[in-house]
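Worksheet: the structure to be examined is printed underneath.
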Amino acid sequence: MANGLDTAKSFYHSPLPAHTPKRIRFVHHPVGFTGLHIQPILVGFLFPGGSWWWGMIWYGWALAGAVAVEAAPERLQRPIALATVVAGAMVSPLLPGPAGLNWLPVVLLLKLVLAHGVPEGKGAPQRATVACTTEAGRD
């Protein structure tokens with residue numbers, strides 16, 4: 001939940017000082033941050049019912065979602081993140097994984113792709129205008 005708060009997003013999506021070490025820049029970047037989350041791979045190997053491919057699928061899914069969000073124009077970042085999470089939520093129950101851990105991919109995608117990957121507060125939101133017209137002679 002913390003990754004979805006404005007303070008965390010403003011920290012991770014703000015520019016770093018020029019002298020910041022490369023390893024800190026890597027962790028600070030949304031794709032690098034996502035790349036460090038190897039939990040699905042570990043769960044696939046270590047828990048009964050898991051397999052190497054289960055963990056790799058979800059690790060790759062999260063990483064691909066983070067890359068897609070990062071590469072997208074600002075107006076498409078949230079829809080791409082939401083599509084990544086919704087598709088993952090629909091596929092997760094269909095793939096055999098460790099018993100009782102089918103929730104892990106969805107939480108991972110929510111945390112890394114949607115909550116962490118989409119910056120907040122960039123520019124003012126555009127307001128929609130609604131035009132009201134009346135026909136002549138009608139009240």
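Owing to the predicted nature of the structure, the values given are computational and were not obtained by experimental measurement. We use all heavy atoms of the structure for the numbers below, so side chains are in, but hydrogens, waters and symmetry mates are not.
No side-chain heavy atom of Trp103 sits less than 4.5 Å from a side-chain heavy atom of Ser92. Side-chain contact check for Trp61 versus Leu108: every heavy-atom pair is 4.5 Å or farther apart. You'll find the side chain of Leu114 stays beyond 4.5 Å of the side chain of Leu109, heavy atoms only. Proximity of Val43 to Pro40: side-chain heavy atoms (C-beta onward) are nowhere separated by under 4.5 Å. Taking the side chain as every heavy atom from C-beta outward, Pro96 and Trp54 never approach each other to under 4.5 Å.
Criterion: ILVMFWY side-chain heavy atoms under 4.5 Å apart, direct or through other members. Under it, Val86 and Leu76 are not part of a common hydrophobic cluster. There is no path of hydrophobic side-chain contacts, each under 4.5 Å, that joins Val31 to Leu112. Put simply, Val118 and Val107 are part of the same group of oily side chains (I, L, V, M, F, W, Y) that touch within less than 4.5 Å, one to the next.
Of the inter-residue distances, the one linking Arg75 atom CZ with Ile80 atom CD1 reads 9.5 Å to the nearest 0.5 angstrom. Distance check, rounded to the nearest 0.5 Å: CD of Glu70 to NE2 of His29 gives 4.0 Å. Distance OH/Tyr59 to CD/Gln39: 10.0 Å, rounded to 0.5 Å. Note that CE of Met56 is 4.5 Å distant from CD1 of Ile41, once rounded to the nearest 0.5 Å. Between the CZ atom in Phe47 and the CG atom in Leu101 there is a gap of 6.0 Å [rounded to 0.5 Å].
Annotation: Ile38, atom CD1; neighbour count of heavy atoms from other residues, nucleotides and ligands within 6.0 Å does not exceed 12.
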(request) Could you give me the CA-CA distance, side-chain angles and deciding distance for Ile57 and Trp52, then say whether side-chain contact (heavy atoms from CB on, under 4.5 Å) is met? (result) CA-CA 9 Å; Ile57 284 173; Trp52 66 270; over 6 Å; no
(request) Starting from the C-alpha separation in whole Å, work towards a yes-or-no answer on side-chain contact (heavy atoms from CB on, under 4.5 Å) for Phe26 and Leu36. (result) CA-CA 9 Å; Phe26 179 78; Leu36 293 174; 3.8 Å; yes
(request) May I have the step-by-step check of side-chain contact (heavy atoms from CB on, under 4.5 Å) for Phe33 and His28, ending in yes or no? (result) CA-CA 6 Å; Phe33 185 77; His28 188 80; over 6 Å; no
(request) Applying side-chain contact (heavy atoms from CB on, under 4.5 Å), run through Val113 and Thr34 and close with a yes or a no. (result) CA-CA 8 Å; Val113 180; Thr34 300; 5.7 Å; no
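Counting all heavy atoms, side chain and backbone alike, Pro17 lies closest to Arg25 at O-NH2, 2.8 Å.
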